[in-house]
Amino acid sequence: MPERVCRHYLGSATTRAEGTDRHMEPDREDRSAGPACLRETQLRETRLRDEWRRRSLATGWRMPDDWDSEAVDEVLAACQNRALARGEAGLAAVGATALTAACAGLGRSRARAGVGIAETIDDLAALFAVLGGGGGERTGVLGEGRHWDPALRLVGAIAEGWAEESVSQFAHGGCEDPLSGMATLPYLRTRLAEVYREAEQRGTSPAETHRLLVVGLPRRPDPWRRLALPILVGRDLRAAFPGGETLSLAKPGSAIALVPARRDLPLRYARLRRNIQAAFGTQIRMTPLPGRLTEALHLVDELAR
């Protein structure tokens, strides 16, 4: 049913409840609009849920049975309300606030279920791909961005919700940064010590077997962009190095990866450098490890400043 009919029904019901002087029976359209409007809303929400789930599974969601949750229902409801609110004075902001809160709740829900931050944000991106028509039918509900990507405030909301739920468990001896999913700087130091001990046992040199990749994180005045940058850089690093490499966030200004010096490293490094420079305008460099552990630890401290 057209959106204007739903609004007409809601407006008529409000007028009757307030005791208007128009003493007249609702017309045939009024009597049928309410149930039809609800049915159409439920059908649209079900269709959107199914497309969102399919898209999320296709783009990397690993546990199909864990996808559905009450938080998903809240996001879908906020999307529907946001769609109805668009174009009405004072209501669009209300709809945006509700959707932001729902995204934060989805982040908390995903963290409780053990879903990583990258997978959580990918799930949100899958929703917006469907909203923009990427899932087949163009539903056209929000239009938050030119390419139907989630607005930065929604990425920030879902990330903050995820971090809020996760930070307490990581704070007690955890070795990962809860927001980016990368290892902490102390863990990188531990891994360096292991690499040097292994090299000593094998009679090799870490200067020959390993490299450090250093990604400088530009300082952003916008708090949402500062929040999103380590998350996105972490995703690029994991895509380039999906194995047992140590990817760490060296606060406040850089990410450091400890990677084996394999044959394909120059190619991986070149691709990563192009991607990061194009996306973030930041620099990445590769450096060999020094001959001694104390020198390597000093180097990491220098790079982390």
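What you see below is based on every heavy atom in this structure, not just the backbone, and it leaves out hydrogens, waters and symmetry mates. This is a predicted model, so every value here is computed, not measured.
- Summarising the geometry, atom CZ belonging to R268 is positioned 11.0 Å from atom CG belonging to L213; distances are rounded to the nearest 0.5 Å.
- Side-chain atoms of S56 do not come within 3.5 Å of backbone N or O of W52 as any donor-acceptor pair.
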Report task. Kindly indicate, with the supporting measurements, whether the criterion side chain to side chain contact (heavy atoms under 4.5 Å, CB included) is fulfilled by L106 and T120. Result -> CA-CA 8 Å; L106 182 61; T120 297; 5.6 Å; no
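- Remark: side-chain polar atoms of T246 are not paired, donor with acceptor, to backbone N or O of A183 under 3.5 angstrom.
- Taking each heavy atom of A118 and R238 in turn, the nearest pair found is CB-NH2, 3.6 Å.
- Heavy-atom minimum distance, S248 versus T184: CB-O, 4.0 Å.
- Side chain of T204 to backbone of E200: no donor-acceptor contact under 3.5 angstrom is found.
- Of the possible donor and acceptor atoms, one in the side chain of E245 sits under 3.5 Å from a partner among the backbone N and O of G243.
- Taking CG from L131 and CZ from R55, the interatomic distance works out to 11.0 Å, rounded to the nearest 0.5 Å.
- Expressed to the nearest 0.5 Å, how far CE of M286 lies from CG of L272 amounts to 10.5 Å.
- Once rounded to the nearest 0.5 Å, the distance linking CG of D236 with CD1 of I284 reads 9.5 Å.
- Using a cut-off of 4.0 Å between Lys/Arg side-chain N and Asp/Glu carboxylate O, E194 and R191 are scored as salt-bridged.
- Separating the OG1 atom in T100 from the CD atom in E160 is a distance of 10.5 Å, to the nearest 0.5 Å.
- Remark: R47 does not engage E51 in a salt bridge, criterion side-chain N to carboxylate O under 4.0 Å.
- In this structure, W67 contributes its side chain and R54 its backbone to no donor-acceptor pair below 3.5 Å.
- Atom CD of E45 sits about 10.5 Å away from atom CG of D50, to the nearest 0.5 Å.
- Put simply, the side chain of S109 never gets that close to the backbone of G105: no donor and acceptor are under 3.5 Å apart.
- Electrostatic pairing of R53 and D68 does not count as a salt bridge here, judged by no charged N lying under 4.0 Å from a carboxylate O.
- If you check the side chains of D66 and W61, you find no donor sitting under 3.5 Å from an acceptor.
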Requested in this report: For I158 and L154, run side chain to side chain contact (heavy atoms under 4.5 Å, CB included): C-alpha distance rounded to whole Å, both residues' side-chain angles, the deciding distance at 0.1 Å, then the answer.
Outcome: CA-CA 6 Å; I158 200 169; L154 299 181; over 6 Å; no
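- Inspection of the R211 and T287 side chains reveals no N or O donor paired with an N or O acceptor under 3.5 Å.
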